[in-house]
Amino acid sequence: MPDATPAAVPRATDIVVVGAGPAGVAAAKAAVAHGASVTLIDSAPLLGGQYGRQAIDSPYVGVPGVQHLPNTVVWAIEPGRRLHLLSGPLDAPNRVASVLDAPHLILATGAYDRAIPFPGWDLLGVHTAGAAQALAKGRREAIGQRVLIAGTGPFLLPVAESLVSVGSRVLGVLEANSPTRWARGALTGLHKIPELARYAAVLAKHRIPYRTKRTVIAAHGIDRVTSVTTAKIDGAWNVVPGSEQRVEVDAVCVGFGFVPQLDLAVASGCLVYKGFVRVDSAQRTSVAGVLAAGEITGVGGADLAAAEGEIAGITAAGGRVPRAALRRVHKGRMFAEALARAHPVRPGWRSWLTPNTIICRCERVVHDTLRQAVDLRGAADSRTLKLTSRVGLGRCQGRMCGRAVAELTGIPDVVRRPIAAPVRLGELSKENRHDPGTA
């Protein structure tokens, strides 16, 4: 595999695409096809994102004509679309700093797993669905030998497929919602039937039970998870009394949908509406020269992301968007809306919590501390809440707990992080950043 370390000074370019998942790759390909020079930036060593994740030892597959900067994070954006980059493995002490100006910027930063806290979710062996799949697909590593998968949404199925492919025994897939919700959106998802049939065949081959209206409400263990409590839940996700069961596991995988990664979009000044970046039919945001595609405009899967990416790439390159691409986006958004209706996260999950349940894993803030910050100390905004409880002040800056905290307190999670990725103080103090326009 070729060296994945980019040059210290990236070349000047017409279009910069941040994110090399289905949306970013499609945007880069479309822009190059329309004559633009493109730089594609991604924090992973290989292309594909979570959906197209490749094994770490697989042959490198690039996009012809594109300057690809792997292992590179955009940790800040200045006005005028000036990007501050750090290149090198995330845990490397000698990452290379550089600056890149983007005449046109396409944000395709994707989404990350939505986490719902429950007693014991901080134990070793409790993984999000995306993390479990990343280890299985990217490194061929199993998170455990006896694994239970729980949550809601179709993403649980490919995760089960990935886990059995690396030798895990999947004890079951627990879907928290009702199967009747699937039927309501069936007509918009007919093109997904072959894929669904493949997953059904995997479950049947490996004798993996698929149970609905049931989920994991607690994990147990001392140093790591050794068992979980599952329970039947009603339509609001309240536990049905007497339905609790204890299951021995050495790992558990939970997935409750996705949260868009909005840091760079917010830093760029893009309008966010109902939790997603607002775009027009050509994928243009409210900021001139900035476009967005993929999960940050609405979670809808790889097909929709790629269609949006194609449109963004063509638009940024000054081309004319074909009607076929617009139709694919329309079809994909209809399917995404059907999935959102079929797999909501209901408020009953809050009843699973105990006073000592950890909500913020970074700062070890428990549910009772959060409640006291609101009820006893009068926290009424996100800043006061953070100062009185320390929730969201850790390494992840509230990315894991922010949405749960908002639902528990009624205080909106405001995403305003000028630093979009963890940066060492030593890296901030370096003076060797280069401007490719003047180097």
Side-chain angles (χ1 to χ4, degrees), residues 21-22 46 48-58 111 113-114 125-183 185-186 188-216 225 228 230 232 245 247-258 295 299-306 332 335-336 338-339 342-343:
L46 299 174
Q50 178 69 12
Y51 176 81
R53 187 178 293 275
Q54 307 168 68
I56 199 68
D57 58 351
S58 68
D113 293 277
R114 180 178 179 182
V126 179
H127 300 262
T128 62
Q133 190 187 52
L135 287 171
K137 293 178 69 174
R139 297 185 179 275
R140 308 304 298 168
E141 294 180 9
I143 61 171
Q145 295 304 307
R146 291 175 54 85
V147 183
L148 190 64
I149 301 174
T152 188
F155 184 54
L156 303 180
L157 299 176
V159 171
E161 181 183 51
S162 296
L163 289 176
V164 297
S165 73
V166 292
S168 292
R169 179 187 173 193
V170 177
L171 304 179
V173 176
L174 307 184
E175 165 59 59
N177 283 300
S178 168
T180 57
R181 290 184 171 274
W182 281 72
T188 61
L190 292 177
H191 62 293
K192 292 289 186 179
I193 289 179
E195 183 179 354
L196 184 61
R198 189 182 87 238
Y199 295 138
V202 170
L203 298 186
K205 178 180 177 181
H206 295 276
R207 298 182 179 180
I208 301 171
Y210 182 85
R211 305 181 68 181
T212 60
K213 302 183 72 173
R214 194 170 193 90
T215 195
V216 170
V225 62
V228 295
T230 72
K232 189 175 181 61
Q245 294 180 352
V247 181
E248 292 185 2
V249 299
D250 59 16
V252 60
C253 176
V254 289
F256 293 93
F258 301 93
E295 310 289 53
V299 176
D303 292 342
L304 173 58
F335 180 59
L339 283 183
H343 299 282

TODO: With sequence neighbours excluded, tell me which residues meet side chain to side chain donor-acceptor pair (under 3.5 Å) with D250.
DONE: none
Task: Minimum side-chain heavy-atom gap I208-Y199 below 4.5 Å - done: no
TODO: Enumerate the residue pairs fulfilling side-chain hydrogen bond (donor to acceptor under 3.5 Å, both in side chains) with a member in residues 156-172, sequence neighbours excluded, ordered by first and then second residue.
DONE: E161-R198
TODO: Quick one: closest heavy-atom pair of L174 and R214, and the distance?
DONE: CB-O, 3.3 Å
Open item on the list: Just so I know, are the side chains of Y210 and T212 near enough to count as touching, which here means a heavy-atom distance under 4.5 Å?
Closed with: yes
Task: salt bridge (charged side-chain N to carboxylate O under 4.0 Å, His left out): pairs with one or both residues in residues 148-159, sequence neighbours excluded - done: none
TODO: Could you pull out the closest heavy-atom pair between V166 and E141, with the gap in Å?
DONE: CG2-O, 4.0 Å
Task: Passing candidate, side chain to side chain contact (heavy atoms under 4.5 Å, CB included) with V170, options L203, V164, V202 - done: V164
Task: Student check: side-chain heavy atoms of C253 and V159 closer than 4.5 Å - done: yes
Open item on the list: Suppose we screen for salt bridge (Lys or Arg N to Asp or Glu O under 4.0 Å). Which residues come up paired with R114, at least two apart in sequence or across chains?
Closed with: E407
Tell me which donor-acceptor pairs under 3.5 Å the side chains of residues 142-157 have, and how far apart each pair is, sequence neighbours excluded?
from : atom 1 : to   : atom 2 : distance (Å)
R146 : NE     : E248 : O      : 3.3
R146 : NH2    : E248 : O      : 3.0
T152 : OG1    : E175 : OE2    : 2.6
T152 : OG1    : N177 : ND2    : 2.7
T152 : OG1    : H343 : ND1    : 3.1

- [ ] Heavy atoms only: give me the nearest V173-A160 pair and the separation to one decimal.
- [x] CG2-CB, 4.1 Å
- [ ] Output all residues satisfying side chain to side chain contact (heavy atoms under 4.5 Å, CB included) with A111, sequence neighbours left out; order by chain, then residue number.
- [x] F258, E295
